[in-house]
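The sequence lines fix the lettering, A, B, ..., with proteins before strands; numbering per chain opens at 1.
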2 protein chains.
Amino acid sequence: MAIVLKQSDSDFNESFSAFLSTKREVSEDVDRVVETIIKNVRTNGDAALIDYSKQFDRIDLAQHGIAISADEVNAAMESAPQATVEALKLARDRIHSHHARQMPKDDRYTDALGVELGSRWTAIDSVGLYVPGGTASYPSSVLMNAVPAQVAGVERIVMVVPSPDGKLNPLVLVAARLAGVSEIYRVGGAQAVAALAYGTETIAPVAKIVGPGNAYVAAAKRRVFGTVGIDMIAGPSEVLILADADNNPDWIAADLLAQAEHDSAAQSILITDDETFGEAVMAAVEHQLKTLPRGQTASESWRDYGAVILVNDLPSALPLVNRIAPEHLEIAAADTEELLAGVRNAGAIFLGRYTPEVIGDYVGGSNHVLPTARSARFSSGLSVLDYVKRTSILRLGVEQLRALGPAAIELARAEGLDAHGNSVAIRLNL
Amino acid sequence: MAIVLKQSDSDFNESFSAFLSTKREVSEDVDRVVETIIKNVRTNGDAALIDYSKQFDRIDLAQHGIAISADEVNAAMESAPQATVEALKLARDRIHSHHARQMPKDDRYTDALGVELGSRWTAIDSVGLYVPGGTASYPSSVLMNAVPAQVAGVERIVMVVPSPDGKLNPLVLVAARLAGVSEIYRVGGAQAVAALAYGTETIAPVAKIVGPGNAYVAAAKRRVFGTVGIDMIAGPSEVLILADADNNPDWIAADLLAQAEHDSAAQSILITDDETFGEAVMAAVEHQLKTLPRGQTASESWRDYGAVILVNDLPSALPLVNRIAPEHLEIAAADTEELLAGVRNAGAIFLGRYTPEVIGDYVGGSNHVLPTARSARFSSGLSVLDYVKRTSILRLGVEQLRALGPAAIELARAEGLDAHGNSVAIRLNL
């Protein structure tokens, strides 16, 4: 049973702050192990990948090959249900169209002094995409990570995915093919991250690594950061639903459970201004839990981290929403635009009664890789911007240097950097 | 004396790769100390800041105050040389104008199916700016970090700067005033980073921390990442100059030394297609070193990390430039635009014979916080984008849900996420 907080209670501020600081992740201390794995891969390359895959995934890559061949991907394409392939294509096309709008534009201009300035965007040359094995091996996540890279113009999109006991989700290979992934390797864990960062005989290194993973993968990404770029470190998923009483409680309950079924550390929060409605949603959650295949997981998530927050009116929920900074925010209310205007911190917002968050997971077109654990206060969901970088461009002629040079020399002098001053002065005979 | 590499030599590829992998930074293992400092600040707040400032900065903040008052800033403004204040204002205004063009635009649109999609940008609420003490306490860096935050619309711009032995560079306070910094605190080191991330009685926490610092500051930033956002971890500065023989060797030598004087771990590289010119530049470097106040530092940098690379022709330097991915690239050649087109990886590019990199350090208008240590392969210089975040927006009506729902249900089923499927199906009576 989820916690219930009421804004009208005198201790609400304390309760809400305590709720906000609840930790949902036990940070496993795997850093020492990961350090050893990375060193081993740097030293021994493919041999280390083969050793670790035997040890952790119970598969002999010396026999099966580190690389997944085009034939294997072809076989996956042929074996996949046609309806699923079509759904993946629809998702891919919608993600592509939406992300194409995110491509930043170059900007070169000349200012009033005649100084030429500019910003030029180029794609990152090569990117590694980590895909988890087992039950969290989601083809939709392959699309969400790879399609924006393709839109950005990344030349080498390299995927790694572990194959525990030789098993691999064929739909992950299908999604990789549909999204233009150029190379796929059958490795996972910290060893896969190390291979992507430093390279082995088989895997050429990449410039940036993205994609979700377990504690070992996350620790490895933190360690190789600097040598390569990394994306955000994703935590358990969350949804916050801001709903008035004019919603079907069953629909809202279904949305809360869609989040809760991900992980027992996932979090589903309902904020409403109607106590009776809140109670009806809670009852509907209990009812739906009974028949849910992943009911155990969803039930634990709802019991440990679920919350129903009763507010005096929906606008007064906005400061709470902004403090929570949810990964997903549904606004299922009459005046969605007015409420939307008051939201500053959220990864993605789903407006109206017919936009369940799940549409954004798959076929909305927007990205489902979003900032978790309150990080929407300072970061954004995955986009084309994560696969490009900007170079600034400056050009002065002698006149412009005459105009700006003296101020540069003055500041260099003030900072005690004489050689800085010289490099301007020498051109102006100063 | 810098290393000399010649593209025509048979072992050039090996030599170049070895040169590329030279480490310029000894990674100090300060992580354990930093962990303790952060814990102490989280537990004891201001008291811990006062203790550490006594210990590390030999100043009693219980007496002097943790906060720097408006009066102190006023006094700094009055004592500063007018020419320096004017130069800072010119720099501030040029940085402001250039960065205003970087503000990303919101995008809301309806696609062919009638689905409403959007991206909305909002400023981060509060940002902490770390400013080092001592000789690296640069007013220009305060402008470069704070002005883009101001352009983005960040409400609270909080600066921390240590005051070892009670000393503080008054120009840093002047720059803070000019750039719209809203609060300043007299603390530094890992303890200042901890205070910004978790807050104390005096310092309210921020959502993101930016700015350069020593090994302790860098380790603290890595540790608090996740609780708050951080910017890149900056390494020693670098310049790569691509120059033909039609340059004045003294000018190019001055530019190499402007970089070298920063730090004995800084790196200056010349790539040229003319051996005689390369020798002339090397001679000019030695000559200029003799009279340089920071000659010791510059000399160590040039001796240990400097390089002159002789290429067959300038276009054949481009693959080398892209592998080096320099923080700063000067193209001092006849056909700058043609060479520019071939550069993929560089933080900032300075074109022509009258654009010494130093102009970009101060008054060019572009940012001088740029990716170091080859990270221009995957990251960009500081910009307005570092102070905003994007929220995606999605709205479907019942017709759009009917159109897209079945594909979402199909993918949810394929991923074994039944509650996901339910949240769509329940709205469509499926």
Tell me, side chain or backbone of [X] under 4.5 Å from chain B's heavy atoms, or both, or neither?
X	value
A:Asp386	neither
A:Val363	both
A:Ser383	both
A:Ser119	side chain
A:Asp107	side chain
A:Ile426	both
A:Gln102	side chain
A:Arg222	both
A:Pro139	both
A:Leu90	side chain
A:Leu404	both
A:Ala136	neither
A:Val127	neither

### Message
Tell me if a side-chain donor or acceptor on B:Ser380 pairs with a main-chain N or O of A:Arg390 at a distance below 3.5 Å.
### Response
yes
### Task
Look only at the side chain of B:Arg94 and the backbone of B:Ala91, and say whether a donor-acceptor pair between them is shorter than 3.5 Å.
no
### CA sep, side-chain torsions, deciding dist, call: A:Arg395, B:Glu330, salt bridge (Lys or Arg N to Asp or Glu O under 4.0 Å)
CA-CA 10 Å; A:Arg395 183 204 296 270; B:Glu330 286 186 16; over 6 Å; no
Side chain to side chain, [X] and [Y], heavy atoms closer than 4.5 Å:
X	Y	answer
A:Ile349	B:Arg120	yes
A:Val172	A:Val174	no
A:Trp121	A:Leu385	yes

Can you tell me which of [options] forms the most heavy-atom pairs within a distance under 4.5 Å of chain A?
options	value
B:Thr84, B:Leu256, B:Leu117, B:Leu411	B:Leu411
B:Ala254, B:Gly421, B:Ala260, B:Gly405	B:Ala254
B:Val343, B:Asp250, B:Asn169, B:Asn322	B:Val343
B:Gln259, B:Lys208, B:Arg353	B:Arg353
B:Pro406, B:Pro371, B:Ala407	B:Ala407
B:Glu116, B:Arg374, B:His98	B:His98

Can you tell which of [options] has the highest number of heavy-atom pairs within less than 4.5 Å of chain B?
options	value
A:Thr122, A:Ile359, A:Leu171, A:Leu257	A:Ile359
A:Leu329, A:Ile252, A:Ile233, A:Leu292	A:Leu292
A:Leu401, A:Asn422, A:Leu113, A:Ile331	A:Leu401
A:Asn248, A:Ile124, A:Val115	A:Ile124
A:Ser375, A:Gly352, A:Ala414, A:Gly347	A:Gly347
A:Ile393, A:Leu370, A:Thr391	A:Thr391

### Query
Sequence neighbours excluded, which residues qualify as side-chain hydrogen bond (donor to acceptor under 3.5 Å, both in side chains) partners of A:Ser141?
A:His368
#### Entry: Interatomic distance, A:Ser268 atom OG to A:Glu261 atom CD [nearest 0.5 angstrom]
10.0 Å
With a 4.5 angstrom heavy-atom cut-off, which part of [X] approaches chain A: side chain, backbone, both or neither?
X	answer
B:Ala123	both
B:Leu417	both
B:Gln400	neither

Decide whether [X] and [Y] meet the rule of one side-chain donor and one side-chain acceptor closer than 3.5 Å.
X	Y	value
B:Tyr387	B:His99	no
B:Glu410	A:Tyr362	no
A:Glu415	B:Ser140	yes

### Task
Cation-pi check, B:Arg101 to A:Tyr109: give yes when NZ or CZ is under 6.0 Å from the six-membered ring centre and within 45° of the ring axis, no otherwise.
yes
### Query
Where do B:Asp418 and A:Arg294 land on the salt bridge (Lys or Arg N to Asp or Glu O under 4.0 Å) test, with the steps shown first?
CA-CA 8 Å; B:Asp418 293 75; A:Arg294 293 170 69 114; over 6 Å; no
### Query
Between B:Arg344 and A:Asp125, is the closest basic N to carboxylate O distance under 4.0 Å?
yes
### Message
So, using salt bridge (charged side-chain N to carboxylate O under 4.0 Å, His left out) as the criterion, who are the partners of A:Asp255 when residues are at least two apart?
### Response
B:Arg427
### Message
How about CD on B:Glu86, more than 12 heavy atoms from neighbouring residues, nucleotides or ligands closer than 6.0 Å, or not?
### Response
yes
